[in-house]
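The structure appears right after this line, and notes come after that.
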Amino acid sequence: MVLIFVLCQCCHSKKTETAPKRPNIVFIMSDDHAYQAISAYNSTLIQTPNIDRLASEGMLFTNASVTNSICAPSRAVILTGKHSHINGKIDNLSPFDTTNVTFPQLFKTAGYQTAMFGKLHFGNNPKGFDEFKILPGQGDYYNPKFITSTGDTIVKGYVTDIITDLTIDWMDKRRDTTKPFLLMYLHKAPHRSWLPAQRHYTRYSKKTFPLPSTLFDDYSTRGTAAKTAEMNLLKHMHLGYDNKLTQETFNTLNMDDTGLRNGAIKRMSEEQKAQWDSIYNPINDEFIAQFPTMTDSTLMVWKYQRYMQDYLGCIAAVDENVGRLLQYLDTHQLSDNTVVVYTSDQGFYLGEHGWFDKRFMYNESFKTPLLIKWPHKIHPGTTQTELVQNLDFAQTFLEIAGIQAPEDMQGKSLVPLLKGEKERWDRDAVYYHYYEYPAEHAVKRHYGIATKSYKLIHYYYDVDEWELYDNEKDPHELNNVYENPDYADIVKDLKAKLETLRIQYKDSDTLNNHYIQIYKDKGYIK
């Protein structure tokens with residue numbers, strides 16, 4: 001681990017710590033962290049004791065979801081408190097409209113000290129921050145470049161450790177102890193292509209993980225969208241880029257594929273590359289020996305295991321570093337007046353339905369982890385089942401800080417739920433809309449409504465198909481019952497509620513056509 005700060009006890013001890021009355025807020029977000037890979041939700045795959053601590057000392061949400069399951073749009077929703085069709089960031093391709101007012105701007109105006117470290121994914125100059133160091137675009141796992149207000153810089157080491165070093169360095173050296181602070185601590189991991197730290201690929205490359213019950217799903221009971229999506233482990237996960245086979249392996253087997261992208265390897269130092277080769281070269285050798293006898297089924301299982309080894313190895317570093325930050329808050333007597341939030345920009349498929357990636361309104365990508373610790377307000381160890389969304393974060397943080405939220409924000413403050421005042425919560429359904437099609441992974445445009453019991457989805461643009469899932473009878477969402485006459489009244493009721501939500505959130509077919517036309521104008525659609 002590379003530490004890039006030096007703690008000077010003699011200087012630090014002279015600081016006068018004036019505890020602000022308004023609480024500090026630490027917002028921790030990872031990229032593509034599936035709730036299934038947090039042991040507070042599911043201990044089958046990995047143990048995450050530090051993230052779990054936020055559940056044991058705070059509240060764990062089991063029905064938290066996103067409004068648009070893709071990275072940059074999710075972040076725009078969080079920052080603005082507005083749906084994608086309102087803030088304009090519908091996909092990863094379009095620029096973020098910087099005329100949007102973001103909640104960190106409101107915090108700074110209200111006297112909070114603000115800082116952001118890690119992965120924003122869009123924009124070179126995030127608004128509302130006293131200090132920031134962010135990765136350009138997706139960023140790199142090894143020896144990454146960072147964008148700062150004074151110019152770009154490269155920091156040697158592993159990205160998850162570095163982001164934590166930067167965060168702690170700011171807290172230790174440049175935090176104004178007379179002000180409350182808003183700190184956005186944003187991890188790149190575990191985003192594709194899943195390069196773990198050396199200490200974790202050494203350990204996780206030897207592990208074997210249980211197979212999802214739907215790994216070999218054939219989508220026969222779903223519509224066109226599930227059948228045509230390009231995120232199947234067997235067909236669409238790259239043996240080179242994703243599973244880390246080398247070009248030499250492909251040459252040996254006379255296979256047509258590519259090795260790990262050169263940029264990731266070239267960023268490694270000679271020492272880092274030697275450590276990498278010591279683990280991944282034997283994996284390549286084993287694959288060469290096994291491949292002649294592999295069937296589609298055994299290759300699918302091999303890809304799944306390789307995927308989990310690297311993906312979960314990345315998460316292990318996230319959990320360790322969350323622990324470092326929580327320990328810093330404890331050691332410096334900050335925990336008692338600090339709200340700590342852990343979430344992801346959306347969910348992710350870990351082999352369920354044979355998939356990786358996200359985008360669909362199905363549970364694994366629609367739902368996202370959400371754990372919140374707020375000392376003296378949240379009863380420790382609470383599990384919350386109400387329907388909440390990333391749309392709600394901005395208004396929640398603003399209310400916690402005593403800052404008036406703009407009237408055009410579209411979410412609901414979670415403060416009543418956090419304080420145990422469920423009687424003040426009246427939401428019975430949430431709205432979702434995905435736009436990025438045609439594009440990578442070929443997940444069709446769709447919008448829908450979810451309640452605790454049902455989910456109704458409408459696919460549009462090049463198809464006109466509906467799906468209905470009974471969450472209680474079919475938790476894995478395997479059977480589309482939209483055409484089942486037993487559900488006719490439920491379909492009618494949900495369609496009416498869906499139309500009400502579209503009006504409430506100011507979405508419409510007119511806007512659908514507007515964004516489709518933008519794709520046509522840019523040449524994405526002919």
Side-chain angles (χ1 to χ4, degrees), residues 1 3-9 11-30 33 38 40 48-60 104 107 111-118 129-133 160-187 189 315-344 369-382 393 396-397 400-402 414 418:
M1 182 180 298
L3 298 179
I4 63 168
F5 62 88
V6 177
L7 176 61
C8 177
Q9 294 288 353
C11 295
H12 186 77
S13 62
K14 293 178 181 179
K15 292 182 180 180
T16 302
E17 187 75 21
T18 303
K21 293 182 180 180
R22 291 180 290 176
N24 311 306
I25 297 177
V26 176
F27 179 71
I28 311 172
M29 183 165 66
S30 297
H33 191 170
I38 294 176
T48 53
N50 297 297
I51 298 172
D52 292 358
R53 180 183 161 189
L54 299 178
S56 63
E57 297 181 6
M59 183 175 288
L60 179 143
F107 269 78
Y112 269 70
Q113 188 181 16
T114 58
M116 174 188 283
F117 301 100
F129 293 97
D130 295 305
E131 183 175 332
F132 64 87
K133 288 186 175 65
T160 308
D161 301 334
I162 292 168
I163 291 169
T164 309
D165 293 342
L166 295 171
T167 301
I168 291 176
D169 184 57
W170 175 82
M171 295 186 72
D172 203 60
K173 294 180 180 178
R174 293 178 300 287
R175 182 174 60 87
D176 184 342
T177 59
T178 66
K179 291 183 177 182
F181 63 85
L182 168 69
L183 173 61
M184 299 191 75
Y185 167 52
L186 311 175
H187 284 295
I315 288 174
V318 172
D319 186 68
E320 287 179 352
N321 280 282
V322 168
R324 288 178 61 202
L325 184 62
L326 295 178
Q327 182 61 49
Y328 183 92
L329 296 174
D330 290 344
T331 302
H332 292 79
Q333 292 77 52
L334 291 168
S335 295
D336 199 53
N337 193 42
T338 299
V339 178
V340 181
V341 179
Y342 187 89
T343 191
S344 173
L370 179 61
L371 306 90
I372 303 178
K373 181 169 81 80
W374 188 5
H376 314 299
K377 300 293 184 181
I378 294 177
H379 189 274
T382 302
F393 293 172
T396 302
F397 302 153
I400 288 172
L414 305 181
L418 300 179

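These numbers come from the heavy atoms of this one structure, side chains and all, not from hydrogens, waters or symmetry mates. A quick note: this is a predicted structure, and the numbers were derived from the prediction, not measured.
Counting heavy atoms from C-beta on, the side chains of Met184 and Pro104 come closer than 4.5 Å. Val341 has its side chain within reach of Phe397: a pair of non-hydrogen atoms, C-beta onward, lies under 4.5 Å apart. No side-chain heavy atom of Leu326 sits less than 4.5 Å from a side-chain heavy atom of Ser335. Side chains of Ile400 and Arg22 form no contact here, defined as non-hydrogen atoms less than 4.5 Å apart. Between Asn321 and Thr167 there is no side-chain heavy-atom pair separated by less than 4.5 Å.
Looking at residues two or more places apart in sequence or on another chain, you find a salt bridge (Lys or Arg N to Asp or Glu O under 4.0 Å) between Asp130 and Lys108. Residues forming a side-chain hydrogen bond (donor to acceptor under 3.5 Å, both in side chains) with Glu57 (at least two apart in sequence, or on another chain): Arg53. Residues satisfying the side-chain hydrogen bond (donor to acceptor under 3.5 Å, both in side chains) test with Asp52, not counting sequence neighbours, are Ser39, Thr48. Remark: Ser344 engages no residue in a side-chain hydrogen bond (donor to acceptor under 3.5 Å, both in side chains) (not counting sequence neighbours). Residues passing the ring-ring contact (aromatic ring centres under 6.0 Å, His included) test with Phe132, sequence neighbours excluded: none. Under the side-chain hydrogen bond (donor to acceptor under 3.5 Å, both in side chains) criterion, Tyr112 pairs with no residue, sequence neighbours left out.
Rounding to the nearest 0.5 Å places CG of Asn337 at 10.5 Å from CH2 of Trp374. Note that CG of Leu182 and CZ of Phe107 are 5.5 Å apart. Values are rounded to the nearest 0.5 Å. The CD1 atom of Ile28 sits 8.0 Å away from the CD1 atom of Ile51 when rounded to the nearest 0.5 Å. From Leu370, atom CG reaches atom CG of Leu414 across 7.0 Å, with rounding to the nearest 0.5 Å. Here the CZ atom belonging to Arg324 is positioned 12.0 Å from the OG1 atom belonging to Thr331, to the nearest 0.5 angstrom. His332 contributes atom NE2, which lies 11.5 Å from atom OG1 of Thr177 (distance to the nearest 0.5 angstrom).
Annotation for Ala55 and Leu371: closest pair CB-CD2, 3.6 Å, computed over non-hydrogen atoms. Closest non-hydrogen pair, Asp336 versus Pro375, comes out as O-CB, 3.6 Å. Counting all heavy atoms, side chain and backbone alike, Leu60 lies closest to Ala40 at CD1-CB, 3.5 Å.
Below 30°, between 30° and 60°, or above 60°: for Phe117 and Trp170 the angle between ring planes is between 30° and 60°, a tilted geometry.
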Kindly determine whether Lys377 and Val339 satisfy side-chain contact (heavy atoms from CB on, under 4.5 Å), including the steps that lead there. CA-CA 10 Å; Lys377 300 293 184 181; Val339 178; over 6 Å; no
Checking side chain to side chain donor-acceptor pair (under 3.5 Å) for the pair Asp172/Tyr328: CA distance, chi angles, key distance, verdict? CA-CA 9 Å; Asp172 203 60; Tyr328 183 92; 2.8 Å; yes
Verdict with reasoning, Leu325 to Val340, per side-chain contact (heavy atoms from CB on, under 4.5 Å): CA-CA 10 Å; Leu325 184 62; Val340 181; over 6 Å; no
Checking Met171 against Leu329 for the side-chain contact (heavy atoms from CB on, under 4.5 Å) test, could you report, in this order, the C-alpha distance in whole Å, the side-chain angles of both residues, the deciding distance, and whether it holds? CA-CA 9 Å; Met171 295 186 72; Leu329 296 174; 3.4 Å; yes
Stepwise, does the side-chain contact (heavy atoms from CB on, under 4.5 Å) test hold for Asp176 with Phe181? CA-CA 8 Å; Asp176 184 342; Phe181 63 85; over 6 Å; no
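Remark: the backbone N or O of Phe129 is not paired with any side-chain donor or acceptor of Glu131 at under 3.5 angstrom. Checked by atom type and distance alone, the side chain of Ser56 never pairs as donor or acceptor with a backbone atom of Gly381 at under 3.5 Å.
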